[in-house]
Every structure is written in structure tokens, then in C-alpha cells.
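Here's the structure we're looking at; comments come further down.
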Amino acid sequence: MNSNELAIQRTKLSNQRTYLAYMRTGFAVAGIAGLFKKWWIAFFGVFMIFASTLQYFIINDHLTKNTPINNKLIDMIPFMYVLLGLGVLYLQMNK
């Protein structure tokens, strides 16, 4: 196994760790929303779960095919999390 293949394997493992962290956070947010019965917080948690799954599969597919990732959506997912998180905080503070 050459160094390029090892780098791809490390990147796949890193992608998997990031995916699991997003999933854990999404489930925690959705669980908190269920506790407080807030639908907008639950939406954010469910969106985080689905978006992180999409991100994981797109990145993993490109790594398997050894093609560059030129997907603007992938670059925007963390930014969408920040915007939705700020929106949830705004809704929570104004209710």
C-alpha cells in the first residue's frame, strides 16, 4: 500500500468520525427538542442528521473513486448548521 492509498484511508476514517459527531449532535438536539416540545429545535436536529448523512456519502463516494470533490453544497453544510443554529436561538429567545 503506497502513501497515497494510506492518505485516502485516513481521510475516509476522518470523514467517518465527522459524520458520527454530526449524528451525535443531531440526535442530542432532537432529544432536547422532544424534552421541551419545541418543533423548530427538532427540525434543526433532524436536518443535521440528514445533511450529515448526505455529506458523508458524497465525500466517501469521491474518495472511493479517487476524484476531486467539487461540490459547493458540501462546502456550505457547516455554514447552514450555523445559520440554522442561530435561527433556533432567535426563535427560542423570542418565544
Side-chain angles (χ1 to χ4, degrees):
M1 197 176 258
N2 64 26
S3 63
N4 189 36
E5 291 170 349
L6 290 172
I8 290 172
Q9 290 300 317
R10 282 191 304 272
T11 306
K12 282 184 176 183
L13 291 171
S14 175
N15 184 37
Q16 200 172 50
R17 282 190 304 272
T18 302
Y19 170 64
L20 292 172
Y22 279 144
M23 290 293 288
R24 205 171 33 247
T25 305
F27 279 117
V29 167
I32 290 170
L35 183 65
F36 294 108
K37 298 190 181 7
K38 305 289 185 179
W39 66 270
W40 56 84
I41 299 174
F43 171 76
F44 176 63
V46 170
F47 175 80
M48 189 174 226
I49 292 167
F50 284 121
S52 64
T53 302
L54 176 70
Q55 179 183 15
Y56 171 76
F57 282 114
I58 289 172
I59 291 173
N60 200 42
D61 184 54
H62 282 281
L63 289 170
T64 301
K65 292 177 182 175
N66 201 14
T67 58
I69 302 169
N70 294 325
N71 193 328
K72 298 290 184 195
L73 177 65
I74 296 298
D75 295 337
M76 296 300 292
I77 286 177
F79 182 67
M80 288 187 295
Y81 290 158
V82 169
L83 287 179
L84 280 172
L86 290 173
V88 166
L89 288 174
Y90 176 78
L91 288 172
Q92 183 64 26
M93 294 298 167
N94 288 330
K95 288 281 177 170

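Values below: all heavy atoms of this structure, side chains included; hydrogens, waters and symmetry mates excluded.
- When the side chains of ILVMFWY residues are joined at heavy-atom separations under 4.5 Å, either directly or via intervening members, L20 and F27 end up in a single hydrophobic cluster.
- By the 30° and 60° cut-offs, the orientation of the rings of F47 relative to Y81 is perpendicular.
- At least one donor-acceptor pair closer than 3.5 Å links the side chain of T25 to the backbone N or O of A21.
- Under the 3.5 Å distance criterion, the side-chain polar atoms of Y22 are left unmatched by any main-chain donor or acceptor of M48.
- Expressed to the nearest 0.5 Å, how far CD1 of I49 lies from OH of Y19 amounts to 9.0 Å.
- One finds the CG atom of L84 at 12.5 Å from the CD1 atom of I41 (value rounded to the nearest 0.5 Å).
- Checked against salt bridge (charged side-chain N to carboxylate O under 4.0 Å, His left out), K65 has the following partners two or more places apart in sequence or in another chain: D61.
- Here the straight-line distance linking atom CD1 of I59 with atom CG of L63 works out to 7.5 Å at 0.5 Å rounding.
- A distance of 8.5 Å separates CG in L89 from CZ in F44, rounded to the nearest 0.5 Å.
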With side-chain contact (heavy atoms from CB on, under 4.5 Å) as the test, would you mind laying out the steps for K12 and T64 before giving the verdict?
-> CA-CA 9 Å; K12 282 184 176 183; T64 301; 3.2 Å; yes
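- Each of M23 and I58 belongs to its own hydrophobic cluster when Ile, Leu, Val, Met, Phe, Trp and Tyr are linked at side-chain heavy-atom distances under 4.5 angstrom.
- Under the 4.5 Å side-chain heavy-atom criterion for grouping Ile, Leu, Val, Met, Phe, Trp and Tyr, F43 is connected to L54 within one hydrophobic cluster.
- Between L73 and M80, the closest side-chain pair of non-hydrogen atoms falls below 4.5 Å.
- Nearest heavy atoms, A33 versus A42: CB-N, 3.2 Å.
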In sequence, state the C-alpha distance, the side-chain angles, and the governing distance for Y90 and L86, and then conclude on side-chain contact (heavy atoms from CB on, under 4.5 Å).
-> CA-CA 6 Å; Y90 176 78; L86 290 173; over 6 Å; no
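- Interatomic distance, CD1 of I69 versus CD of Q55, reported as 9.0 Å (0.5 Å rounding).
- Partner of H62 under the side-chain hydrogen bond (donor to acceptor under 3.5 Å, both in side chains) criterion, chosen from T11, N15, T67: T67.
- Under the 4.5 Å side-chain heavy-atom criterion for grouping Ile, Leu, Val, Met, Phe, Trp and Tyr, V88 is connected to W39 within one hydrophobic cluster.
- Here the CD atom belonging to Q16 is positioned 8.0 Å from the CG atom belonging to N60, to the nearest 0.5 angstrom.
- Y56 and M76 end up in different hydrophobic clusters when Ile, Leu, Val, Met, Phe, Trp and Tyr side chains are linked at under 4.5 Å.
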